[in-house]
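What follows is one structure encoded as structure tokens, with my remarks underneath.
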Amino acid sequence: MEHHFGQDTAHASGSFDKTRVLNVKPLRTLVPVFPSPSNPASSSSPQGGAPFVCVSPSGPFPSGVAPFYPFFISPESQRLSEQNAPTSTGQRVPATPISTAVPINSFKTPAGAANGNVGSSRKTTRSRGQVTVTEEDGYNNVEIVEVDGDEETGTGRSKRKLQKKMKGQQSGGPGDIDPDAVAADILKSLNPMVFEVLNQPDGSRDSVAYTLMIYEVMRRKLGQIEDSNRAANSGAKRPDLKAGAIMMNKGIRTNSKKHIGPVSGVEIGDIFFFRFELCLVGLHAPSMAGIDYIGTKTSQEEEPLAVSIVSSGGYEDDVEDGDVLVYSGQGGVNRDKGASDQKLERGNLALENSYKRGNEVRVIRGLKDLQHPTGKVYVYDGLYKIQDSWVDRKTGFNVFKYKLFRLPGQPQAYMIWKSIQQWTDRSASRAGVILPDLTSGAEKVPVCLVNDVDTEKGPAYFTYLPNLKNLRPTAPVESSIGCSCVGGCQPNNLNCPCVQKNGGFLPYSSASLIADLKSVIYECGPSCQCPSNCRNRVSQVGLKFRLEVFKTKNKGWALRSWDAIRAGSFICEYAGEVIDSARVEEELGSDNLNDYIFDSTRIYQQLEIFPGDTEAPKIPSPLYISAINEGNVARFMNHSCSPNVLWRPVIHENKNMSDLHIAFYAIRHIPPMMELTYDYGTVLPLKAVHRKKKCLCGSVKCRGYFC
DNA sequence: CCAATTCAGGTGTAT
DNA sequence: ACACCTGAATTGGCA
């Protein structure tokens with residue numbers, strides 16, 4: 001039985017019966033039909049008509065793929081809101097200390113044992129607070145950190161030492177690359193404006209964003225070099241730590257002065273993927289420890305005070321409950337000697353003091369990263385206060401416990417993650433769902449269509465097309481052959497032609513993140529022998545994030561993701577029909593303005609922190625794509641003057657064709673449910689056919705319009 | 001008083 | 001399994 005969605009769901013505007021849509025059979029069993037251009041139903045679909053046309057499956061339901069339609073619950077039953085908090089609120093947390101509790105003061109370390117002279121009010125000023133790279137005319141003399149590989153110390157602990165070194169002075173051998181020189185090169189390529197921003201005493205949204213972007217670029221570049229076995233001194237085993245150390249030593253960080261309360265430039269809901277990121281933006285200084293506090297030496301206080309905690313879920317009975325958190329103290333674990341009692345000192349003492357004073361504590365929640373099961377996501381969940389503290393003896397040793405509650409009135413952060421989890425496991429439903437998968441199974445993951453702001457029941461009609469459709473005759477570009485990496489291209493295989501085309505490196509990390517934001521990407525293609533799961537085919541494997549198309553209050557339909565997106569992740573390509581420039585003029589000039597044209601020849605200001613990157617990437621030939629009739633999720637991405645997504649040209653190895661695609665990548669970490677936007681660029685000179693549109697991106701850097 | 005050293009504290013990735 | 005890096009506390013050197 002076929003379902004013609006359009007006919008089934010045609011209703012008078014405003015009286016759309018969602019349940020009829022939702023009662024339809026699982027949409028993953030449907031495939032889109034591609035109507036011929038002469039199909040009158042498609043070209044003259046009425047305003048209240050169906051958004052999509054679907055037919056029944058031509059094949060069996062894919063086995064092994066769990067049906068994914070967690071939204072088949074009547075929309076009115078529940079809404080995402082504060083009152084949707086888990087029903088288990090507080091239940092696992094004893095309101096009073098458990099029976100084995102012992103008065104906490106009896107554990108306090110004797111005064112004077114841990115803290116020396118508390119009278120000292122002097123502040124140690126370190127020379128690390130300033131960015132030093134801008135000094136000394138143009139970075140020729142950059143301070144480099146040398147790690148002194150002192151093997152004689154049995155502890156294996158290396159000593160740090162500062163040492164001046166000329167750029168490019170030393171290299172281990174042919175092909176070797178010095179991580180420090182790479183870092184210096186990255187810093188050199190930065191817009192000097194960045195250092196001005198970073199040198200401000202207080203952080204800002206920009207200083208945080210720049211710090212994280214520089215860290216990310218450095219970390220990925222160092223990882224790429226490490227990956228290719230070309231790192232001199234075989235260091236940089238942990239690119240995250242190496243990049244972090246370089247940033248710290250160069251003073252490329254913000255909010256380096258510890259304080260209680262919000263951190264300027266860091267917003268509730270911001271996400272991080274490495275502990276060092278928390279450190280560099282001033283959210284949580286220790287690179288490992290879970291409790292950050294202001295010590296007695298660095299403040300006028302007589303006792304240490306807590307500023308932030310990271311709840312990593314590492315301690316077993318931290319409860320995970322929206323607004324309440326039970327946090328375990330630190331210590332009590334000895335490398336050589338197993339468990340022991342925790343002591344009321346350092347972080348534990350700081351939390352105890354913050355409890356007594358009623359101070360705010362920043363909370364960062366660590367969660368499993370679903371995309372990268374080995375890694376973690378850290379969600380800044382805002383300010384909490386400590387409500388209770390006690391000592392737990394369940395394990396036979398004293399463990400300090402702190403019960404914290406989230407201050408009311410803060411934007412949702414961790415709760416969003418919990419809600420998405422509930423939609424996923426279907427323990428809660430979603431309001432305003434129109435279609436659980438608007439791609440009708442054309443993508444590997446469903447793309448939800450949702451409107452929880454008004455009664456519009458979907459965007460204007462189009463046909464879902466997952467890939468680029470290029471019907472133009474293609475001229476052969478410079479002759480090239482594909483690779484023969486049968487097991488997939490390896491980063492250390494310099495003989496691989498695909499590695500060579502990318503400048504000697506694979507463009508993607510092992511986590512499929514783009515390593516370098518500044519270049520054209522050469523992926524493997526039809527003329528390569530490597531398998532489809534090759535690391536160099538990232539943009540060809542389709543969507544991996546659970547995206548959704550949603551209605552905004554004032555910008556029409558838009559795109560966002562249920563999953564957190566790491567900076568550098570491939571999001572989607574711009575699918576549609578390749579057209580020529582004459583057709584572009586035609587479409588723009590017609591009464592039916594085509595708002596869905598991608599134009600690679602526009603002027604793009606994509607990454608302000610890299611000044612060499614202000615122009616459109618070098619492309620073999622201009623590319624125009626129209627997605628007005630056929631397209632994928634990319635057609636729903638709105639313009640922003642402060643975008644979180646950018647595009648790169650991606651060339652698939654295909655010896656007889658110029659197989660050019662446009663792929664979108666995350667510029668920064670994007671929390672779930674945040675709108676995805678890219679810069680549409682500008683057309684110069686502006687011709688009559690170009691109609692200016694008022695920009696609604698709301699950014700402080702808004703240019704005012706786009707077209 | 002300032003500099004150098006020690007120590008606590010897990011994390012991220014590979015095997 | 002393994003290699004890590006920061007910041008507070010502590011110790012050492014010097015006035």
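Order of the sequence lines sets the chain letters (A, B, ...), proteins ahead of strands, with each chain counted from 1. The basis for the numbers below is simple: all heavy atoms, side chains too, and nothing from hydrogens, waters or symmetry mates.
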### Minimum heavy-atom distance Ala511(A)-Arg566(A), with the two atoms named
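Where Ala511(A) meets Arg566(A) most closely, the heavy atoms are CB-NH1, 4.5 Å.
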
Side chains of [X] and [Y], donor plus acceptor under 3.5 Å:
X: Glu523(A); Y: Gln540(A); answer: yes
X: Ser389(A); Y: Lys403(A); answer: no
X: Gln224(A); Y: Ser509(A); answer: no

Do the side-chain N or O atoms of [X] get closer than 4.0 angstrom to the phosphate oxygens (OP1, OP2) of [N]?
X: Arg275(A); N: dT11(B); answer: yes
X: Arg253(A); N: dG7(C); answer: yes
X: Lys242(A); N: dA3(C); answer: no

Nearest of [options] to any side-chain atom of [X]?
X: Ser287(A); options: dG10(B), dT6(C), dT13(B); result: dT6(C)
X: Lys258(A); options: dT11(B), dA8(C), dC5(C); result: dA8(C)
X: Tyr293(A); options: dT11(B), dC4(C), dA9(C); result: dA9(C)
X: Ala245(A); options: dC5(C), dG7(C), dA3(C); result: dC5(C)
X: Cys279(A); options: dT13(B), dG7(C), dG12(B); result: dG7(C)

Length of the line joining [X]:[atom1] and [N]:[atom2], which is rounded to integer Å:
X: Asp292(A); N: dT6(C); atom1: CG; atom2: P; result: 14 Å
X: Glu345(A); N: dC7(B); atom1: CD; atom2: P; result: 14 Å
X: Arg238(A); N: dT6(C); atom1: CZ; atom2: C1'; result: 13 Å
X: Leu280(A); N: dT6(C); atom1: CG; atom2: P; result: 9 Å
X: Gln330(A); N: dA8(C); atom1: CD; atom2: P; result: 12 Å
X: Met248(A); N: dC4(C); atom1: CE; atom2: P; result: 18 Å
X: Met288(A); N: dT6(C); atom1: CE; atom2: P; result: 10 Å
X: Tyr215(A); N: dC5(C); atom1: OH; atom2: C1'; result: 11 Å

### First of Ala289(A) and Asp240(A) reached from the 5' end of DNA chain B, by closest nucleotide
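On the 5' side of the pair lies Ala289(A).
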
### Query
Taking C-beta and beyond as the side chain, do Glu277(A) and His669(A) meet within less than 4.5 Å on heavy atoms?
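Counting from C-beta outward, Glu277(A) and His669(A) do come under 4.5 Å.
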
### Query
What nucleic acid atoms does Gly290(A) come within less than 4.0 Å of, heavy atoms only: base, sugar-phosphate, or nothing?
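Here Gly290(A) touches the backbone only, sparing every base.
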
